[in-house]
Q: 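Once you've had a glance at the structure underneath, I'll fire off some questions.
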Amino acid sequence: MEYAELGRTGLSCAVISFGGIPIQRSDAANTMAVVDALERHGINYIDTARGYTVSEAYLGKALKGRREKFVLATKSMSRDYETMKRDIQISLKNLRTDYIDVYQIHNLPLRDFSTVFGPEGACKALKEAREAGRIGHIGATVHSLDALKALVEHHSREIETVMFPFNIVELHGEGVLRQAREKGMGTIAMKPLAGGNLEDWDLALRFLAEAGVCDIAIPGMGSVEEVERNARVAEHLTPLTQEEKARCEEIRKELGGSFCRRCNYCAPCTRGIDIPGTFLMVNYLRKYGLSDWARERYRGMAHHAGECVRCGVCETRCPYDLPIRTMLKGAAEDFGY
């Protein structure tokens, strides 16, 4: 297994590590088997979240007696001091530990920065927890390029790790992620398989390792077979051939006309629809097999795809010329409204 230091945290992590979203469609026994496989192969970075329903609890049970062998990361959607303080305690209880290596502010949009980094914001609770020894490092996950830029430019001292979509198709954050690394921030590639859109997982993971943009990548793993598959890649990393690089270009062209990079340039929608967020939920529904979870999160959105009036303003702003109106129509059909 190959390892990399996660920015200035000093944590040594497997370059291909574990994403915990798929644990939601699992059970406690399977989670135990998955963690057994992680341990066998030295995949030591485990990422989960308060929002991943049973994931923290199942992983906590599976980690009992071997917690020290893993770098444990979780995250919370809380934005203010009190709720983040509460969530940290819940995570510690669920994960059956007195220490979490990396605690992240989950899915942080630019509009929430003033609250999160304000005098009574979530970041204050995380700093207090770090000083008390309950967490080791503070991170954030973001989906929009504007939010990533703001983190790197203005909060690189407070935020020690950043997680952002990066894969064969989603390259829009490459320059800013390199800046993050230059500032000593740990960089983590989420969606390494582009939300399930990249079927050649061997090519996708080797592309990330060769790109030199992110310290580690965290593909979701919900079974022992997926752990074994990803471990084989990590244990035998080889450079991409010219033919494989050409294949990467072909994939970009193939998916380019139907794949949202979540750059958010389409915003604001005239009806208030969170367009990238909607397409993200569609991916969870179609590609991850997390139907109930996706439907619940979609239901909680302020506006839904069915509200689209087909004005087309979003399409004039999209740098990738996506047929957003058609895609929203498909989302409305998938979710029923």
Q: Side chain to side chain donor-acceptor pair (under 3.5 Å) with Asp146: which residues, sequence neighbours excluded?
A: none

Q: Is Leu95 close to Leu72 at the side-chain level, that is, under 4.5 Å between some pair of heavy atoms?
A: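 SC-SC contact between Leu72 and Leu95 confirmed.
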
Q: After noting the C-alpha distance and the side-chain angles of Thr9 and Glu5, does the key distance pass the side chain to side chain contact (heavy atoms under 4.5 Å, CB included) rule?
A: CA-CA 7 Å; Thr9 67; Glu5 281 207 3; over 6 Å; no

Q: If only atom types and distance count, is the side chain of Glu307 paired as donor or acceptor with the main-chain N or O of His304 below 3.5 Å?
A: yes

Q: With rounding to the nearest 0.5 Å, note down the distance linking CD in Gln104 to CZ in Arg50.
A: 14.0 Å

Q: Do Leu171 and Arg252 pass the side chain to side chain contact (heavy atoms under 4.5 Å, CB included) test, and can you show the C-alpha distance, the side-chain angles, and the key distance before you say yes or no?
A: CA-CA 10 Å; Leu171 303 175; Arg252 290 186 195 107; 3.3 Å; yes

Q: Just wondering, do Arg247 and Ile168 contact through their side chains at under 4.5 Å, heavy atoms?
A: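 No, too far: nothing below the 4.5 Å cut-off.
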
Q: Could you tell me whether a side-chain N or O of His236 sits under 3.5 Å from a main-chain N or O of Arg232, the two making a donor and an acceptor?
A: yes

Q: Between Ile46 and Thr74, is there a side-chain heavy-atom distance shorter than 4.5 Å?
A: no

Q: If we only count heavy atoms from C-beta on, is the Leu205 to Pro219 side-chain gap below 4.5 Å?
A: yes

Q: Could I get the full list of side-chain contact (heavy atoms from CB on, under 4.5 Å) partners for Lys183, not counting sequence neighbours?
A: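 For Lys183 the side-chain contact (heavy atoms from CB on, under 4.5 Å) partners, ignoring immediate neighbours, are Val152, Ser156.
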
Q: Hey, are the side chains of Cys266 and Ile324 touching, using non-hydrogen atoms and a 4.5 Å cut-off?
A: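 Heavy-atom side-chain distance check passes, below 4.5 Å.
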
Q: Tyr337, Tyr284: one ILVMFWY side-chain cluster at the under-4.5 Å cut-off?
A: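 Shared cluster, yes.
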
Q: With distance as the sole test, does Gln89 use its side chain to make a donor-acceptor pair with the main-chain N or O of Arg86 at under 3.5 Å?
A: no

Q: Taking a hydrophobic cluster as the set of Ile, Leu, Val, Met, Phe, Trp and Tyr residues connected by side-chain heavy atoms closer than 4.5 Å, whether directly or through intermediates, do Leu193 and Val224 fall within one such cluster?
A: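 In one cluster with Leu193: Val224, no.
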
Q: Say you draw a straight line from CG of Asp200 to CD1 of Ile251; how long is it, rounded to the nearest 0.5 Å?
A: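 Going from CG on Asp200 over to CD1 on Ile251, the span is 6.0 Å.
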
Q: Residues in side chain to side chain donor-acceptor pair (under 3.5 Å) with Thr141, at least two apart?
A: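 Result, side chain to side chain donor-acceptor pair (under 3.5 Å) vs Thr141: none returned.
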
Q: Atom CD of residue position Glu199 - does it have more than 12 heavy atoms of other residues, nucleotides or ligands inside 6.0 Å?
A: no

Q: Whether the Asp274 and His303 side chains hold a donor-acceptor pair (N or O, under 3.5 Å, no angle test) is what I'd like checked.
A: no

Q: Stepwise, does the ring pair (Phe, Tyr, Trp, His ring centres under 6.0 Å) test hold for Tyr103 with His137?
A: CA-CA 6 Å; Tyr103 209 104; His137 306 279; over 10 Å; no

Q: Given Arg295 and Ser291, is the side chain to side chain donor-acceptor pair (under 3.5 Å) satisfied, shown in steps?
A: CA-CA 6 Å; Arg295 291 183 186 281; Ser291 177; 3.3 Å; yes

Q: Identify, with sequence neighbours excluded, every residue that meets side-chain contact (heavy atoms from CB on, under 4.5 Å) alongside Lys69.
A: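 side-chain contact (heavy atoms from CB on, under 4.5 Å) list for Lys69, sorted by chain: Glu39, Arg66.
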
Q: According to side chain to side chain donor-acceptor pair (under 3.5 Å), who are the partners of Asn94, at least two apart in sequence or on a separate chain?
A: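 Applying side chain to side chain donor-acceptor pair (under 3.5 Å) to Asn94 gives Glu56.
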
Q: Under 4.5 Å between any side-chain heavy atoms of Met163 and Ile218, yes or no?
A: yes

Q: Pairs of donor and acceptor atoms involving the side chains of residues 114-123, under 3.5 Å and at least two apart or interchain, shall be tabulated with distances.
A:
| from | atom 1 | to | atom 2 | distance (Å) |
| --- | --- | --- | --- | --- |
| Glu120 | OE2 | Lys124 | NZ | 2.9 |

Q: Nearest heavy-atom pair of Pro165 and Val142: which atoms, and what distance?
A: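 In terms of heavy atoms, the two residues are closest at CD-O, 3.5 Å.
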
Q: Using the rule that two of Ile, Leu, Val, Met, Phe, Trp, Tyr join whenever any of their side-chain heavy atoms come within less than 4.5 Å, decide whether Ile138 and Tyr45 are in one cluster.
A: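 No; Tyr45 is not reachable from Ile138 via cluster members.
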
Q: Can you tell me if Ser78 uses its side chain to pair, donor with acceptor, with the backbone of Asp80 under 3.5 Å?
A: no

Q: Using the test side-chain contact (heavy atoms from CB on, under 4.5 Å), find all partners of Ala305 that sit at least two apart in sequence or belong to another chain.
A: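 Result, side-chain contact (heavy atoms from CB on, under 4.5 Å) vs Ala305: Thr278, Tyr298, Leu328, Ala331, Ala332.
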
Q: If you round to the nearest 0.5 Å, how far is CE of Met84 from CZ of Arg79?
A: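 Rounded to the nearest 0.5 Å, the CZ-CE separation comes to 7.5 Å.
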
Q: Less than 4.5 Å apart, side chain to side chain, heavy atoms only: is that true for His143 and Pro276?
A: no

Q: Within the distance-only criterion (no hydrogens, no angle test), does the side chain of Asn230 pair as donor or acceptor with the backbone N or O of Glu226 below 3.5 angstrom?
A: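 Yes; judged by distance alone, with no hydrogens or angles, the pair exists.
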
Q: Can you find a heavy atom in the side chain of Cys214 that is under 4.5 Å from one in the side chain of Ile188?
A: no

Q: Per the side-chain hydrogen bond (donor to acceptor under 3.5 Å, both in side chains) rule, what does the pair list look like for residues 162-180, sequence neighbours excluded?
A: Asn167-Glu170, Glu170-Arg262, Glu174-Arg178

Q: Return the minimal non-hydrogen interatomic distance between Met185 and Arg8, and the atom names on each side.
A: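 Minimum heavy-atom separation between Met185 and Arg8: N-NH1, 3.9 Å.
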
Q: Just verifying a value: how many Å separate Asp334 CG and Lys329 NZ, rounded to the nearest 0.5 Å?
A: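 Interatomic distance, Asp334 CG to Lys329 NZ, rounded to 0.5 Å: 12.5 Å.
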
Q: When rounded to the nearest 0.5 angstrom, what is the spacing between CD1 in Ile273 and SG in Cys314?
A: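 The distance works out to 8.5 Å.
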
Q: Going by side-chain contact (heavy atoms from CB on, under 4.5 Å), name the residues that satisfy it together with Asp215, two or more places apart in sequence or in a different chain.
A: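 Expected list: Leu6, Arg181, Thr187.
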
Q: How far does CZ of Phe113 sit from CZ of Arg111, to the nearest 0.5 angstrom?
A: 11.5 Å

Q: Compare every heavy atom of Pro192 with every heavy atom of Ala204, then report the nearest pair and how far apart it is.
A: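 Looking at all heavy atoms of both residues, the closest pair is CB-O, 3.9 Å.
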
Q: What I want to find out is whether Asp202 reaches Arg206 closely enough, with some N-O distance under 4.0 Å, to be called a salt bridge.
A: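 Judged by the 4.0 Å cut-off on N to carboxylate O distance, Asp202 and Arg206 do form a salt bridge.
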
Q: Determine, for Lys253 against Glu250, whether the closest basic-nitrogen to carboxylate-oxygen distance falls under 4.0 angstrom.
A: no

Q: If the condition is side chain to side chain donor-acceptor pair (under 3.5 Å), which residues does Asn283 pass it with, not counting sequence neighbours?
A: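 For Asn283 there are no side chain to side chain donor-acceptor pair (under 3.5 Å) partners, ignoring immediate neighbours.
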
Q: Using atom types as modelled, flag every donor-acceptor pair under 3.5 Å from a side chain in residues 14-28 to any protein atom, sequence neighbours excluded.
A:
| from | atom 1 | to | atom 2 | distance (Å) |
| --- | --- | --- | --- | --- |
| Ser17 | OG | Ala14 | O | 2.8 |
| Gln24 | OE1 | Thr53 | OG1 | 3.2 |
| Gln24 | OE1 | Trp293 | NE1 | 3.2 |
| Gln24 | NE2 | Ile21 | O | 2.9 |
| Arg25 | NH1 | Tyr288 | O | 2.3 |
| Ser26 | OG | Asn30 | ND2 | 2.7 |
| Asp27 | OD1 | Ala29 | N | 3.3 |
| Asp27 | OD1 | Asn30 | N | 2.7 |

Q: Check Thr97 against Ile100 and note the closest heavy-atom contact, atom names and distance.
A: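 The pair with the smallest heavy-atom distance is CG2-CG1, 4.1 Å.
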
Q: Does this structure show an ion pair linking Asp101 with Arg67, if we count only N-O contacts that are shorter than 4.0 Å?
A: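 Yes, charged N to carboxylate O under 4.0 Å.
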
Q: Where is the tightest heavy-atom contact between Met281 and Ala294, given as atom of each residue plus distance?
A: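 The pair with the smallest heavy-atom distance is O-CB, 3.7 Å.
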
Q: Test Phe70 against Leu38 for side chain to side chain contact (heavy atoms under 4.5 Å, CB included), laying out the working first.
A: CA-CA 9 Å; Phe70 294 91; Leu38 295 176; 4.0 Å; yes

Q: Applying salt bridge (Lys or Arg N to Asp or Glu O under 4.0 Å), which residue pairs with at least one partner in residues 126-135 are found, sequence neighbours left out?
A: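 Listed by first then second residue: Lys127-Glu158, Arg130-Glu160.
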
